[in-house]
Structures are given as structure tokens and as C-alpha cells.
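Each remark here refers to the structure printed beneath this line.
Below, chain A is the first sequence line, B the second, and so on; all start at residue 1. Every heavy atom of this structure was used, including side-chain atoms; hydrogens, water molecules and symmetry mates were not.
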2 protein chains.
Amino acid sequence: MKPTVTISDVARQAGVSEKTVSRVVNGESYVSEAKQVAVRAAISALGYRPNVAARSLAASRSFTLGLIANRMDAYNFRALHTSGVRLCSERGLHLIVEELPTLGPAEMQRLEKSLRQVRYEGVIVTQVADTQRVLDVLERTGTRYVRMSPLLDPERSDSVSVEVAEGYNLVAEHLYALGHRRIALPVLTPRVRQRNIINEALRQMRTRLLDLGCAERDIVEVPLLWKASNMEAGLTMARAVLEMRPRPTAVFAMQDEVAASLVNYAWSEGVNVPRDLSVVGFEDDDIARVVWPPLTTVRQPFDEMTAAAVELLVNPAADGAPRSVTLPSTLVVRQSTGEVPDAA
Amino acid sequence: MKPTVTISDVARQAGVSEKTVSRVVNGESYVSEAKQVAVRAAISALGYRPNVAARSLAASRSFTLGLIANRMDAYNFRALHTSGVRLCSERGLHLIVEELPTLGPAEMQRLEKSLRQVRYEGVIVTQVADTQRVLDVLERTGTRYVRMSPLLDPERSDSVSVEVAEGYNLVAEHLYALGHRRIALPVLTPRVRQRNIINEALRQMRTRLLDLGCAERDIVEVPLLWKASNMEAGLTMARAVLEMRPRPTAVFAMQDEVAASLVNYAWSEGVNVPRDLSVVGFEDDDIARVVWPPLTTVRQPFDEMTAAAVELLVNPAADGAPRSVTLPSTLVVRQSTGEVPDAA
DNA sequence: GCGCGTTATGACAGCGCTGTCAGAGTTAAA
DNA sequence: TTTAACTCTGACAGCGCTGTCATAACGCGC
């Protein structure tokens with residue numbers, strides 16, 4: 001194992017000062033063509049790689065972004081993380097995950113410690129981690145952050161969102177077009193009082209269904225346990241749907257994982273999807289294509305969302321005013337939804 | 001945002017030298033009780049957090065472990081990553097993911113660059129990333145590493161494995177006990193010449209089935225495309241199984257993801273799982289409980305495996321001799337396997 | 001020829017911490 | 001009593017890099 005090559009080795013080899021090497025490495029201006037060439041040659045001859053720790057210390061930069069999530073085993077986390085790692089790597093940054101399973105005080109302390117130690121150049125806050133407590137810690141430590149699909153108050157900070165309400169409307173129209181008239185919509189349980197994005201979108205979806213011609217009494221509510229695991233939530237929702245008389249012909253599960261476990265429960269009770277029950281998810285996770293039947297869902301463009309988030313973090317607004325990026329949702333029709341049989 | 005608290009602030013406040021603070025922070029011996037108390041008090045009074053960059057630079061340590069994978073969207077990657085992050089965080093380390101989707105030369109270069117820059121204290125090499133090229137880069141950069149479930153030559157370096165052959169035997173016995181006599185086993189395609197762990201275990205499994213009383217001609221082979229995505233591999237395997245006459249009553253898919261997509265294809269062709277076909281996976285991924293029916297599979301203890309790997313990295317062998325940890329596999333029986341109907 | 005702005009370069013301090021070493025005090029063994 | 005070993009502490013250099021600043025060289029207009 002050869003000894004470490006440092007900037008001064010390169011400087012000596014190229015016949016310039018360390019600072020000039022530093023300028024070339026960092027793409028600063030005011031270096032003559034000739035010296036740039038010499039430095040580049042020396043770098044590749046010696047196999048020089050700047051030491052991140054030294055760079056961080058000297059420049060007071062960490063070259064690291066953070067990703068704050070509460071459950072790393074969620075499908076959407078994986079999507080964010082995968083593209084996050086790629087995007088960071090392209091920019092010479094690293095991405096570190098901070099997991100906060102319970103979002104409790106002890107974890108807040110751990111987060112604060114970690115934020116102070118690493119000094120992230122920015123962090124991405126996933127939807128479920130987007131709580132007042134977390135934002136307080138971020139602000140107290142002066143950490144720049146972007147919220148992903150914030151439920152509340154997207155204008156409060158930099159944020160990246162998708163057109164949730166539009167996505168829900170696409171679902172409404174799709175189900176209506178297939179002939180569904182008795183449709184189950186989720187209601188967040190325990191109830192969320194605030195007028196958050198999801199409740200608002202659900203309200204619009206219901207209105208849309210009524211406008212299309214559904215009867216008020218046929219748009220029924222089923223509980224979506226948002227504090228439980230998605231699997232549990234799916235089972236609970238499935239039971240609620242299957243107990244209803246008359247039974248809805250379609251249900252909007254609002255998350256692919258929930259939809260998946262709902263579908264499984266339906267099969268286990270002898271209910272055929274989509275013949276007896278159409279199910280729609282949301283997100284277009286991998287899981288949407290793995291369950292049987294593959295799920296009709298609303299695609300969330302995670303790659304684009306992550307790219308937008310990284311962009312916001314890396315290029316902070318000149319004036320410091322919060323910026324919000326909103327991306328479209330699109331409906332992906334697969335086999336978990338079908339026409340209502342005539343003899344319904 | 002208050003100015004950064006450094007070690008010298010703490011030293012001043014506690015009336016000791018910076019070095020003594022450093023000793024307390026790093027749990028070194030030879031510090032009197034009184035000074036320890038004073039330093040701790042000063043630390044919490046000022047909210048001091050050591051700066052990682054400075055520590056790294058001074059101590060020539062990175063406080064970072066790496067995780068080398070080729071596909072971050074694999075289920076088993078997620079399991080490793082999740083417990084890896086937790087374990088590192090408990091030890092005051094960070095975990096950074098290096099993704100090498102193609103394992104090609106360009107990526108090897110990126111990896112080498114990254115290894116030299118970050119100077120990982122150790123990296124975990126996942127099974128699919130465990131290639132000669134990767135190991136070469138690791139050795140060239142003098143990076144300590146642990147291989148997870150190596151296919152070849154576990155004694156070559158530190159490694160953590162599971163009892164694969166034992167797991168396969170459990171599957172064989174389980175299927176036989178359910179009455180299955182015509183069983184499809186996978187064969188790695190394109191063919192792998194080497195006597196790797198998996199081929200060896202498959203050979204043992206076949207022997208076990210024959211010993212139990214299966215007929216040679218009833219233990220049939222189906223292709224497992226190990227270079228394709230697991231979904232594709234599952235579809236291909238499913239087609240092969242369903243085309244066979246007489247059709248096997250059971251198939252060992254060797255991976256949960258493959259099993260999942262195999263099951264889905266079966267359903268779509270009107271083949272009922274497990275009534276018409278029993279399917280067994282391997283790994284006990286989340287996906288095993290999400291598909292319908294939930295998969296009978298062999299659990300890989302990912303948490304324990306990761307813990308063992310981190311342990312090996314953090315406490316290097318005194319003599320430098322490679323150490324191998326082997327953990328048991330256990331069979332998890334769910335609904336994707338069932339008894340062979342009498343009128344078969 | 002003078003002053004001014006622009007371009008190009010390097011000297012040097014210092015980011016915040018830890019390794020090394022010297023030295024002082026304290027105890028145990030000879 | 002002397003020697004040796006162990007315990008405790010701080011001074012200081014320096015990890016590898018970048019920010020700041022001084023300096024020099026080069027136009028350009030007058």
C-alpha cells in the first residue's frame with residue numbers, strides 16, 4: 001500500500017504552489033492554461049485524490065447531504081435513497097441516512113448531535129419525518145433543508161411536492177369510467193384535524209365523484225390507520241371494505257403497500273381482484289408490480305423529486321426565500337382495477 | 001445560530017488542557033475522576049460536539065463504514081442497509097453506500113476514487129458485488145472488508161455466511177413431507193462452472209431428495225437467470241415450470257423476489273398456489289409476506305449477519321488471519337406450500 | 001509615463017482535533 | 001534508599017487542505 005499522495009506532492013511534481021493545485025481541483029478561475037495542464041498531468045500521474053476530511057475542515061464544508069426518514073423499510077424511502085445516492089455521487093457529495101423510527105425526544109437529541117457533528121450541507125426531510133420537532137432541531141442547528149411532499153404549509157420552507165389532488169382526481173375518473181359507483185375512500189385514522197394536503201385532496205376526490213354522478217351515500221369511508229404499519233393498515237381497510245353491505249366495487253387504498261396487503265387479504269377471503277373488487281394504490285412502488293394482480297396506481301416521480309430536492313439544497317436561493325417545486329402525478333393503469341360486471 | 005463550540009472552549013471552561021478533553025471524549029484511560037467530571041460538565045454546559053472532519057484529519061480515521069452493493073433496489077440490500085445504519089449509529093460511525101450497478105471498469109474507477117477519498121474504516125461487500133475486480137480495488141487501496149455470504153472461497157478474507165446447504169435441505173425435507181415427488185430445482189443460467197456455494201448446495205439438495213425417495217427423473221431443472229432482474233427471472237422460471245409435462249407440483253425459486261414474480265405469473269395463468277403448485281423462496285424478505293399467498297421461505301438472519309460483519313470490521317483480528325462467521329438458516333412455513341392433492 | 005482594473009500566483013495561517021513526548025507525581029519492588 | 005513502573009497532565013506539532021492577502025504582471029486609456 002503506497003503512502004498517501006497529498007496536495008503538496010502534486011504541487012511539487014507540477015512545479016506550482018499547493019494553492020494552484022487546489023484551484024485546479026476546485027475549478028476556480030484565474031489559473032493559466034499551461035499550469036492547469038501541468039497540474040492535471042501531475043494529478044493523474046500520482047493518482048492524487050483530495051482527502052475529504054481535510055477539505056471539510058479547511059473549507060468548513062461537509063460535502064455531505066442527509067436524508068431524514070422515520071422508517072427505512074418503507075418502499076418510498078428506498079426510491080428516494082437510491083436516486084439520492086446517485087445524484088450525490090455525481091456531484092462529489094455523499095448521502096447519509098438519519099433514521100428516526102419513533103421521532104421521540106431521545107432521537108431528536110441523537111439527530112441534533114449528528115447534525116452538529118456532520119454539518120450536513122443540506123438535508124432532505126421525508127414526509128413522515130416532517131414534524132415540528134424535527135424542523136425545530138434543523139433550524140436550531142442552522143441546517144438547510146428541503147421537505148418532500150409536505151402535508152402542511154409547503155411554502156414554509158424549500159419543498160418538493162407532487163400534484164396529489166390531481167392524482168386523486170385521476171383515480172376518481174378512472175374508477176368512474178370503469179363503471180364503479182360504490183367506492184370506498186380512506187379516512188385518516190386517528191383523525192387528523194388539520195386541513196392537510198391529503199385530507200384536502202380526498203375532499204376534492206369525493207366532490208369529483210359526486211360531480212361525475214355518484215350518489216352521496218355510495219361514496220363510503222374506510223379507516224386508514226396512518227400510525228400503524230402499512231400491512232396492518234391494509235388488513236384493517238380490507239376488513240372494513242369486505243364487511244360493508246352493499247359492498248363497494250372499488251377502493252382507493254392511498255398507498256401501494258396498503259393496497260398490496262388489502263389485495264392479499266381479499267384473495268385469502270375468496271374475493272377476486274379485480275373481478276369482485278377493484279383496488280387502486282398510490283406511489284407506484286416496486287411492490288405495485290410484484291403483487292397479484294399488479295396494482296393500478298398513481299405514479300410519484302421519485303427520481304425527479306429527489307433531483308429537484310438536491311438541486312434546491314445545492315443551489316440555495318440568493319434571497320433566501322422558500323422555493324417550492326411541484327411535479328405532476330400520472331395514473332398507471334394495471335390489472336387491479338377492472339370494469340364492474342354487468343350483473344353487479 | 002451560535003458560533004461553533006470547539007474543544008478549546010471546553011478546555012477553558014473546565015480548566016484543563018485540550019488534550020485532556022480529548023481523552024475524556026474518546027474514553028482514554030489516565031484521567032482523574034475529578035477532571036473527568038469537570039470536562040463532562042463543561043461539555044454539556046456548552047453543548048460541545050466534536051467535529052468529525054477535524055477528528056478524521058487528526059486521527060487519520062474516517063469514522064465511516066462502507067456498504068458496496070450493485071443494486072440498491074434489491075430487497076436484501078435494504079435489510080443490510082437498515083441494520084447497518086443502526087449498528088453504525090450506535091458506535092458513532094456512519095455508513096455510506098457505494099452502488100455499482102454494472103460492476104464495470106468505469107465504476108471500479110469511481111469506487112477506487114471514493115475509497116481513497118473517504119478512507120473507510122471497513123466496507124461490507126454484498127454477495128453480488130463480491131467479484132475479483134471489486135476485491136482487487138479494495139486490496140489495492142488497502143481497505144479492510146468483510147464479504148457477506150460469499151459464493152466462493154469464504155476463507156479468503158473475513159466473511160459472514162449462512163448455512164445455505166442446510167437451508168436448502170430444510171426445503172427439500174419440507175416439500176417431501178408435504179407429499180411432493182415431482183420437484184423443480186433451479187439451475188443458474190448462464191451456467192456457472194465453478195463449484196460455488198450455491199451450486200454445491202443445490203447438488204446436496206438434489207441428493208437429499210433422492211435419498212428421501214424421489215425418482216431421479218422427477219427432480220427437474222428450471223433456469224434461474226441470475227444476470228437478469230429477479231422479476232424477469234421469476235417469469236422465465238414460471239414459464240418453464242408451467243410448460244413441463246408432467247408438471248412439477250413444487251418449485252424452489254431460490255430467492256423471494258423470484259418466487260414472488262413466479263407466483264404472480266402462476267396466478268395470471270390460472271394456476272392456483274399452493275393447490276396446483278407449491279413455491280418456496282429464500283431469504284425471508286419483506287416481499288415474502290406481501291405477495292399472495294405469503295411465501296414459505298428460508299429465513300436469512302440479516303440483522304445478525306450485519307452485526308457480525310460490523311463486529312469483524314470494528315475489531316480486526318490481532319493476527320490478521322481471515323475469520324469466518326457462519327449463521328444458521330431456518331425454514332419459515334407460510335401458505336405458498338401445501339400438501340399435494342390426493343388426486344394428483 | 002501614470003493610474004487603474006483585471007489576471008495570475010504563491011506565502012502563510014489556521015480549520016479542530018489527536019499523536020507524541022516530556023515531565024511530574026505516586027506507588028511498589030529491590 | 002534507590003530503582004522501576006505506573007498514573008496523570010499539558011505543550012506542541014501537524015493531519016491535508018483552503019481562505020485571505022500580498023504581490024506581480026499585463027493590458028488600456030489618458
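- Taking atom CD1 of residue B:Ile7 and atom P of nucleotide C:dG14, one finds them 19 Å apart after rounding to whole Å.
- A:Glu98 and A:Tyr120 form a side-chain donor-acceptor contact under 3.5 Å, judged by distance and modelled atom types alone.
- Protein atom CG of A:Leu57 is 11 Å distant from nucleotide atom P of D:dT18, rounded to whole Å.
- Nucleic acid contact class of B:Val25 (heavy atoms, under 4.0 Å, all strands): none.
- With rounding to whole Å, A:Glu18 atom CD is found 16 Å from C:dG14 atom P.
- Listed candidates were D:dC17, C:dG16, C:dA8. Nearest to the side chain of A:Ser32 is C:dA8.
- Applying the 4.0 Å criterion to OP1 and OP2 of C:dC15, one finds that B:Thr6 has every side-chain N and O outside that range.
- Rounded to whole Å, the distance from CZ on B:Arg119 to P on D:dC15 is 13 Å.
- Both A:Arg49 and B:Ser17 lie close to DNA chain D; mapped to their nearest nucleotides by heavy-atom distance, the more 5′-ward contact belongs to B:Ser17.
- Residue-environment remark: CD (B:Glu28) exceeds the threshold of 12 foreign heavy atoms within 6.0 Å.
- Of the options A:Val160, A:Leu67, A:Leu312, a side-chain contact (heavy atoms from CB on, under 4.5 Å) to A:Ile124 is made by A:Leu67 and by none of the others.
- In this structure the side chain of A:Pro322 never reaches within 4.5 angstrom of the side chain of A:Arg156, judged on heavy atoms.
- At least one side-chain nitrogen or oxygen of A:Thr20 sits closer than 4.0 Å to the OP1 or OP2 atom of C:dG10.
- For A:Ser22, no side-chain nitrogen or oxygen approaches OP1 or OP2 of D:dC17 to under 4.0 Å.
- For the pair A:Val25/A:Ile43, a side-chain contact is recorded, criterion being any heavy-atom separation below 4.5 Å from C-beta on.
- One atom, CD of A:Glu28, and another, C1' of C:dT7, lie 14 Å apart when rounded to the nearest Å.
- Atom CZ of B:Arg61 is separated from atom P of D:dG16 by 17 Å (rounded to the nearest Å).
- A close approach under 4.0 Å does not occur between any side-chain nitrogen or oxygen of B:Tyr30 and OP1 or OP2 of C:dA24.
- Atom NZ of B:Lys19 is separated from atom P of D:dG14 by 16 Å (rounded to the nearest Å).
- Going from atom CG of B:Asp9 over to atom C1' of C:dC15 covers 14 Å, rounded to whole Å.
- Taking 3.5 Å as the limit, the base of D:dG10 and the side chain of B:Arg23 contain a donor-acceptor pair of atoms between them.
- Between B:Ser60 and A:Asn26, the one whose closest nucleotide on DNA chain D sits nearer the 5' end is B:Ser60.
- Contact annotation: A:Lys35 side-chain N/O to C:dG10 OP1/OP2 distance is under 4.0 Å.
- Of the residues near DNA chain C, B:Pro50 and A:Val31, the one whose nearest nucleotide (by heavy atom distance) lies more toward the 5' end is A:Val31.
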